[in-house]
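This report refers to the structure that appears directly beneath it.
What's counted below: heavy atoms across the whole structure, side chains too, no hydrogens, waters or symmetry copies. Within every chain, numbering begins at 1; the chains are lettered A, B, ... in the order of the sequence lines, protein sequences first and strands thereafter.
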Amino acid sequence: MLAEALAISAVLFTIGVIGVLTRRNAIIVFMCVELMLNAVNLSFVAFSKLYGATGQVFVVFVMTVAAAEAAVGLAIIISIFRHQETVNLKDINLLRG
Amino acid sequence: MGNEFLPLLYSFHFYLFGLLAIAAALAFVTRKSPVAAAMWLITTMFALAALYVMMDAQFIGVMQVLVYAGAIMVVFVFVVMLLNLGHPSEISDIRGKWGRLIAGFLGIALLAEILALTRDPMDLRLVVPVIPATVNGTGGIIGGVAGPLFREYLLAFELTSILLLIAIAGAVVLGRKRSAADAR
(Lines give C-alpha, C1' and ligand atoms only; values in the text may rest on other atoms or scores of the structure.)
Protein backbone atom coordinates (compact mmCIF):
# COMPACT_ATOMS: atom_id res chain seq x y z
CA MET A 1 0.00 0.00 0.00
CA LEU A 2 3.05 2.29 0.25
CA ALA A 3 3.13 3.17 -3.45
CA GLU A 4 -0.60 3.95 -3.53
CA ALA A 5 -0.38 6.11 -0.41
CA LEU A 6 2.54 8.05 -1.85
CA ALA A 7 0.64 8.52 -5.12
CA ILE A 8 -2.42 9.83 -3.26
CA SER A 9 -0.13 12.10 -1.26
CA ALA A 10 1.50 13.46 -4.41
CA VAL A 11 -1.86 14.10 -6.08
CA LEU A 12 -3.21 15.90 -2.99
CA PHE A 13 -0.06 18.00 -2.75
CA THR A 14 -0.35 18.94 -6.42
CA ILE A 15 -3.98 19.92 -5.97
CA GLY A 16 -2.92 22.09 -3.04
CA VAL A 17 -0.20 23.76 -5.13
CA ILE A 18 -2.67 24.38 -7.95
CA GLY A 19 -5.04 25.97 -5.44
CA VAL A 20 -2.33 28.21 -3.99
CA LEU A 21 -1.30 29.35 -7.47
CA THR A 22 -4.75 29.90 -8.95
CA ARG A 23 -7.02 31.10 -6.15
CA ARG A 24 -7.31 34.75 -5.20
CA ASN A 25 -9.18 34.40 -1.91
CA ALA A 26 -6.62 34.57 0.89
CA ILE A 27 -8.59 32.19 3.13
CA ILE A 28 -8.86 29.55 0.39
CA VAL A 29 -5.13 29.88 -0.30
CA PHE A 30 -4.60 29.21 3.40
CA MET A 31 -6.81 26.13 3.22
CA CYS A 32 -4.78 24.92 0.23
CA VAL A 33 -1.65 25.17 2.37
CA GLU A 34 -3.42 23.02 4.96
CA LEU A 35 -4.21 20.50 2.21
CA MET A 36 -0.51 20.38 1.28
CA LEU A 37 0.42 19.78 4.92
CA ASN A 38 -2.13 16.96 5.01
CA ALA A 39 -0.59 15.40 1.90
CA VAL A 40 2.83 15.46 3.54
CA ASN A 41 1.33 13.91 6.68
CA LEU A 42 0.01 11.06 4.54
CA SER A 43 3.54 10.44 3.25
CA PHE A 44 4.89 10.47 6.81
CA VAL A 45 2.30 7.92 7.96
CA ALA A 46 2.93 5.72 4.91
CA PHE A 47 6.66 5.68 5.60
CA SER A 48 6.10 5.09 9.31
CA LYS A 49 4.60 1.73 8.35
CA LEU A 50 8.02 0.81 6.95
CA TYR A 51 10.45 2.59 9.25
CA GLY A 52 8.75 2.66 12.65
CA ALA A 53 6.68 5.19 14.53
CA THR A 54 9.01 8.18 14.14
CA GLY A 55 7.03 9.36 11.14
CA GLN A 56 3.92 9.56 13.28
CA VAL A 57 5.79 11.74 15.77
CA PHE A 58 6.57 14.13 12.94
CA VAL A 59 2.90 14.17 11.98
CA VAL A 60 2.09 15.32 15.51
CA PHE A 61 4.62 18.16 15.13
CA VAL A 62 3.25 19.12 11.72
CA MET A 63 -0.26 19.29 13.17
CA THR A 64 0.93 21.57 15.97
CA VAL A 65 2.74 23.88 13.58
CA ALA A 66 -0.32 23.89 11.31
CA ALA A 67 -2.53 24.93 14.23
CA ALA A 68 -0.15 27.76 15.16
CA GLU A 69 0.13 28.83 11.53
CA ALA A 70 -3.65 28.85 11.10
CA ALA A 71 -4.16 30.97 14.22
CA VAL A 72 -1.57 33.60 13.27
CA GLY A 73 -2.41 33.58 9.56
CA LEU A 74 -6.12 34.03 10.12
CA ALA A 75 -5.44 36.81 12.61
CA ILE A 76 -3.37 38.54 9.91
CA ILE A 77 -6.20 38.06 7.41
CA ILE A 78 -8.70 39.57 9.87
CA SER A 79 -6.33 42.47 10.44
CA ILE A 80 -5.97 43.07 6.69
CA PHE A 81 -9.73 42.83 6.22
CA ARG A 82 -10.31 45.47 8.90
CA HIS A 83 -7.89 47.74 7.10
CA GLN A 84 -8.75 47.15 3.44
CA GLU A 85 -12.21 45.51 3.49
CA THR A 86 -11.00 42.71 1.18
CA VAL A 87 -9.34 39.31 1.28
CA ASN A 88 -8.58 39.28 -2.44
CA LEU A 89 -4.84 38.77 -2.83
CA LYS A 90 -4.83 40.95 -5.95
CA ASP A 91 -5.92 43.97 -3.91
CA ILE A 92 -3.49 43.37 -1.06
CA ASN A 93 -0.38 45.03 -2.49
CA LEU A 94 0.75 47.55 0.11
CA LEU A 95 3.43 46.77 2.67
CA ARG A 96 2.68 50.08 4.38
CA GLY A 97 -0.15 49.84 6.93
CA MET B 1 -1.63 -12.16 5.63
CA GLY B 2 -2.60 -15.75 5.26
CA ASN B 3 -5.78 -15.49 3.18
CA GLU B 4 -6.91 -13.93 -0.06
CA PHE B 5 -10.02 -12.19 1.22
CA LEU B 6 -8.45 -9.66 3.57
CA PRO B 7 -6.04 -8.02 1.10
CA LEU B 8 -8.88 -7.60 -1.37
CA LEU B 9 -11.16 -5.94 1.20
CA TYR B 10 -8.26 -3.84 2.46
CA SER B 11 -7.26 -2.69 -1.02
CA PHE B 12 -10.86 -1.89 -1.91
CA HIS B 13 -11.27 0.40 1.08
CA PHE B 14 -7.84 1.91 0.63
CA TYR B 15 -8.65 2.90 -2.95
CA LEU B 16 -12.16 3.99 -1.92
CA PHE B 17 -10.94 6.43 0.70
CA GLY B 18 -8.02 7.52 -1.47
CA LEU B 19 -10.32 8.37 -4.35
CA LEU B 20 -12.71 10.07 -1.94
CA ALA B 21 -9.86 12.23 -0.65
CA ILE B 22 -8.72 13.19 -4.15
CA ALA B 23 -12.26 13.86 -5.39
CA ALA B 24 -13.06 16.00 -2.36
CA ALA B 25 -9.78 17.89 -2.80
CA LEU B 26 -10.62 18.56 -6.45
CA ALA B 27 -14.08 19.80 -5.44
CA PHE B 28 -12.38 21.91 -2.77
CA VAL B 29 -10.13 23.87 -5.15
CA THR B 30 -12.94 24.45 -7.63
CA ARG B 31 -15.58 25.86 -5.23
CA LYS B 32 -16.16 29.58 -5.35
CA SER B 33 -17.61 29.94 -1.88
CA PRO B 34 -15.11 29.67 1.00
CA VAL B 35 -17.68 27.85 3.15
CA ALA B 36 -18.32 25.18 0.51
CA ALA B 37 -14.56 24.84 0.00
CA ALA B 38 -14.05 24.38 3.74
CA MET B 39 -16.69 21.62 3.84
CA TRP B 40 -14.96 19.76 1.00
CA LEU B 41 -11.62 20.13 2.72
CA ILE B 42 -13.14 18.61 5.88
CA THR B 43 -14.32 15.68 3.73
CA THR B 44 -10.75 15.25 2.47
CA MET B 45 -9.45 15.26 6.03
CA PHE B 46 -11.94 12.60 7.14
CA ALA B 47 -10.93 10.38 4.21
CA LEU B 48 -7.29 10.90 5.15
CA ALA B 49 -8.10 9.94 8.75
CA ALA B 50 -9.57 6.68 7.43
CA LEU B 51 -6.35 6.09 5.45
CA TYR B 52 -4.25 6.74 8.57
CA VAL B 53 -6.26 4.17 10.53
CA MET B 54 -5.83 1.67 7.69
CA MET B 55 -2.06 2.22 7.79
CA ASP B 56 -1.88 1.33 11.51
CA ALA B 57 -1.65 4.94 12.66
CA GLN B 58 -4.85 4.94 14.70
CA PHE B 59 -3.70 7.67 17.08
CA ILE B 60 -2.82 9.96 14.18
CA GLY B 61 -6.23 9.24 12.65
CA VAL B 62 -7.97 10.35 15.84
CA MET B 63 -5.76 13.44 16.04
CA GLN B 64 -6.59 14.20 12.42
CA VAL B 65 -10.31 14.23 13.18
CA LEU B 66 -9.97 16.11 16.48
CA VAL B 67 -7.31 18.68 15.59
CA TYR B 68 -7.63 19.19 11.83
CA ALA B 69 -11.29 18.61 11.08
CA GLY B 70 -12.45 19.61 14.55
CA ALA B 71 -10.32 22.59 15.54
CA ILE B 72 -8.39 24.12 12.64
CA MET B 73 -11.24 23.96 10.15
CA VAL B 74 -13.66 25.40 12.71
CA VAL B 75 -11.33 28.39 13.03
CA PHE B 76 -11.34 28.76 9.23
CA VAL B 77 -15.14 28.59 9.00
CA PHE B 78 -15.40 30.99 11.94
CA VAL B 79 -13.19 33.55 10.19
CA VAL B 80 -15.18 33.19 6.96
CA MET B 81 -18.32 33.84 8.99
CA LEU B 82 -16.72 36.75 10.85
CA LEU B 83 -15.68 38.46 7.62
CA ASN B 84 -19.03 37.65 6.00
CA LEU B 85 -17.48 36.10 2.90
CA GLY B 86 -19.79 33.18 2.17
CA HIS B 87 -22.04 33.34 -0.86
CA PRO B 88 -25.49 32.25 0.42
CA SER B 89 -26.60 30.97 -2.99
CA GLU B 90 -23.76 28.46 -3.14
CA ILE B 91 -23.86 27.25 0.45
CA SER B 92 -27.41 26.02 0.35
CA ASP B 93 -27.19 24.22 -2.97
CA ILE B 94 -28.05 20.55 -3.10
CA ARG B 95 -26.24 18.50 -5.69
CA GLY B 96 -27.93 17.11 -8.75
CA LYS B 97 -29.42 13.64 -9.12
CA TRP B 98 -26.04 11.91 -9.58
CA GLY B 99 -24.44 13.60 -6.61
CA ARG B 100 -27.30 12.56 -4.35
CA LEU B 101 -27.27 9.02 -5.76
CA ILE B 102 -23.53 8.55 -5.22
CA ALA B 103 -23.59 10.11 -1.75
CA GLY B 104 -26.58 8.04 -0.65
CA PHE B 105 -25.17 4.79 -2.05
CA LEU B 106 -21.77 5.35 -0.46
CA GLY B 107 -23.28 6.26 2.90
CA ILE B 108 -25.68 3.32 3.00
CA ALA B 109 -22.98 0.86 1.86
CA LEU B 110 -20.49 1.97 4.52
CA LEU B 111 -23.19 1.98 7.21
CA ALA B 112 -24.34 -1.53 6.25
CA GLU B 113 -20.73 -2.67 6.37
CA ILE B 114 -20.26 -1.29 9.89
CA LEU B 115 -23.49 -2.98 11.02
CA ALA B 116 -22.51 -6.30 9.46
CA LEU B 117 -19.08 -6.20 11.05
CA THR B 118 -20.23 -5.21 14.55
CA ARG B 119 -23.33 -7.42 14.84
CA ASP B 120 -21.46 -10.71 14.76
CA PRO B 121 -18.23 -11.39 16.58
CA MET B 122 -15.48 -10.39 14.22
CA ASP B 123 -14.78 -12.98 11.58
CA LEU B 124 -11.21 -14.13 12.09
CA ARG B 125 -10.47 -13.60 8.43
CA LEU B 126 -11.22 -9.87 8.82
CA VAL B 127 -9.04 -9.17 11.84
CA VAL B 128 -6.18 -7.01 10.63
CA PRO B 129 -2.85 -8.35 11.91
CA VAL B 130 -0.99 -5.98 14.19
CA ILE B 131 2.19 -4.59 12.65
CA PRO B 132 4.92 -4.71 15.31
CA ALA B 133 6.71 -1.68 13.84
CA THR B 134 4.20 0.73 15.37
CA VAL B 135 3.20 -1.28 18.44
CA ASN B 136 6.20 -1.96 20.63
CA GLY B 137 5.92 -3.80 23.91
CA THR B 138 3.04 -3.03 26.24
CA GLY B 139 2.67 0.61 25.26
CA GLY B 140 0.06 -0.17 22.64
CA ILE B 141 -0.67 2.12 19.74
CA ILE B 142 -0.19 5.40 21.60
CA GLY B 143 2.95 4.09 23.31
CA GLY B 144 4.55 3.60 19.91
CA VAL B 145 4.13 7.31 19.19
CA ALA B 146 4.74 8.58 22.73
CA GLY B 147 8.05 6.71 23.15
CA PRO B 148 10.04 8.59 20.48
CA LEU B 149 8.09 11.79 21.18
CA PHE B 150 9.17 11.99 24.81
CA ARG B 151 12.65 10.50 24.40
CA GLU B 152 14.47 11.47 21.19
CA TYR B 153 12.26 14.45 20.34
CA LEU B 154 11.67 15.86 23.82
CA LEU B 155 13.46 19.13 23.01
CA ALA B 156 11.38 19.63 19.86
CA PHE B 157 8.26 18.85 21.87
CA GLU B 158 9.12 21.51 24.45
CA LEU B 159 9.95 24.01 21.70
CA THR B 160 6.52 23.32 20.23
CA SER B 161 4.91 24.58 23.41
CA ILE B 162 6.86 27.85 23.08
CA LEU B 163 5.76 28.07 19.45
CA LEU B 164 2.12 27.68 20.49
CA LEU B 165 2.54 30.35 23.18
CA ILE B 166 4.00 32.76 20.61
CA ALA B 167 1.18 31.91 18.20
CA ILE B 168 -1.45 32.66 20.86
CA ALA B 169 0.18 35.98 21.72
CA GLY B 170 0.57 36.88 18.05
CA ALA B 171 -3.02 36.01 17.22
CA VAL B 172 -4.32 38.11 20.12
CA VAL B 173 -2.15 41.09 19.17
CA LEU B 174 -3.05 40.88 15.47
CA GLY B 175 -6.72 40.26 16.07
CA ARG B 176 -7.10 43.21 18.41
CA LYS B 177 -9.32 46.05 17.29
CA ARG B 178 -7.48 48.85 15.52
CA SER B 179 -9.01 51.52 17.79
CA ALA B 180 -7.04 50.27 20.80
CA ALA B 181 -3.79 51.00 18.98
CA ASP B 182 -5.03 54.37 17.75
CA ALA B 183 -6.02 55.47 21.24
CA ARG B 184 -2.45 55.28 22.44
| field | Inter-residue atom distance Met39(B).CE - Thr44(B).OG1, 0.5 Å rounding | value |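 So the gap between those two atoms works out to 12.5 Å.
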| Can you tell me how far the CG atom of Leu149(B) sits from the CG atom of Leu154(B), to the nearest 0.5 Å? |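 If I round to the nearest 0.5 Å, the distance is 8.0 Å.
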Same apolar cluster (I L V M F W Y, side chains within < 4.5 Å links), [X]/[Y]:
| X | Y | answer |
| --- | --- | --- |
| Val172(B) | Phe81(A) | no |
| Phe150(B) | Met63(A) | yes |
| Leu82(B) | Ile72(B) | yes |

Heavy-atom pairs under 4.5 Å with chain B are the metric here; pick the option from [options] that has the most.
| options | result |
| --- | --- |
| Val87(A), Leu74(A), Ile18(A) | Leu74(A) |
| Leu42(A), Ile77(A), Leu2(A) | Leu42(A) |
| Ala67(A), Ala75(A), Ala71(A), Gly16(A) | Ala75(A) |
| Val72(A), Ile15(A), Thr22(A) | Ile15(A) |

| task | For side chain to side chain contact (heavy atoms under 4.5 Å, CB included), just list the numbers for Leu6(A) and Ser43(A), CA-CA rounded to whole Å, side-chain angles, deciding distance to a tenth of an Å, and then say yes or no. | result | CA-CA 6 Å; Leu6(A) 291 181; Ser43(A) 285; 3.7 Å; yes
Which of [options] touches chain A most, by non-hydrogen pairs under 4.5 Å:
| options | answer |
| --- | --- |
| Phe14(B), Phe76(B), Phe78(B) | Phe76(B) |
| Leu48(B), Leu83(B), Val75(B) | Leu83(B) |
| Leu164(B), Ile168(B), Val173(B), Val67(B) | Leu164(B) |

Region of [X] that comes under 4.5 Å of a non-hydrogen atom in chain B:
| X | answer |
| --- | --- |
| Ile76(A) | both |
| Val65(A) | both |
| Val11(A) | side chain |
| Asn25(A) | side chain |
| Ala46(A) | both |

Can you tell me which portion of [X] sits under 4.5 Å from chain A's heavy atoms? Options are side chain, backbone, both or neither.
| X | result |
| --- | --- |
| Leu41(B) | side chain |
| Ala156(B) | both |
| Ala38(B) | both |
| Ala25(B) | both |

Closest heavy-atom pair and its distance - [X], [Y]:
| X | Y | result |
| --- | --- | --- |
| Asp91(A) | Thr86(A) | OD2-OG1, 3.6 Å |
| Ala69(B) | Ile42(B) | CB-CG2, 4.2 Å |
| Ile8(A) | Gly18(B) | CD1-CA, 3.5 Å |

| So which bits of residues 28-35 of chain A come within less than 4.5 Å of chain B, counting non-hydrogen atoms only? |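 Answer by number: Ile28(A), Phe30(A), Met31(A), Cys32(A), Glu34(A), Leu35(A).
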| field | From Ile60(B), Leu66(B), Val65(B), residue fulfilling side chain to side chain contact (heavy atoms under 4.5 Å, CB included) relative to Val62(B) | value |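 For Val62(B), the side chain to side chain contact (heavy atoms under 4.5 Å, CB included) check succeeds only for Leu66(B).
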| said: side chain to side chain contact (heavy atoms under 4.5 Å, CB included) for Leu106(B) and Leu20(B)? Distances and angles first, verdict last. | reply: CA-CA 10 Å; Leu106(B) 200 61; Leu20(B) 196 62; 3.9 Å; yes
| message | Before you tell me yes or no, could you show the steps for His13(B) and Glu113(B) under side chain to side chain contact (heavy atoms under 4.5 Å, CB included), namely the whole-Å CA-CA distance, both residues' side-chain angles and the distance that decides it to 0.1 Å? | response | CA-CA 11 Å; His13(B) 286 97; Glu113(B) 195 176 20; 2.7 Å; yes
| task | Applying side chain to side chain contact (heavy atoms under 4.5 Å, CB included), run through Ser11(B) and Tyr15(B) and close with a yes or a no. | result | CA-CA 6 Å; Ser11(B) 316; Tyr15(B) 284 116; 4.3 Å; yes
| request: Report yes or no: do Gln64(B) and Asn38(A) form a side-chain donor-acceptor pair below 3.5 Å? | output: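 Yes, because at least one side-chain N or O of Gln64(B) sits under 3.5 Å from a partner of the opposite role on Asn38(A).
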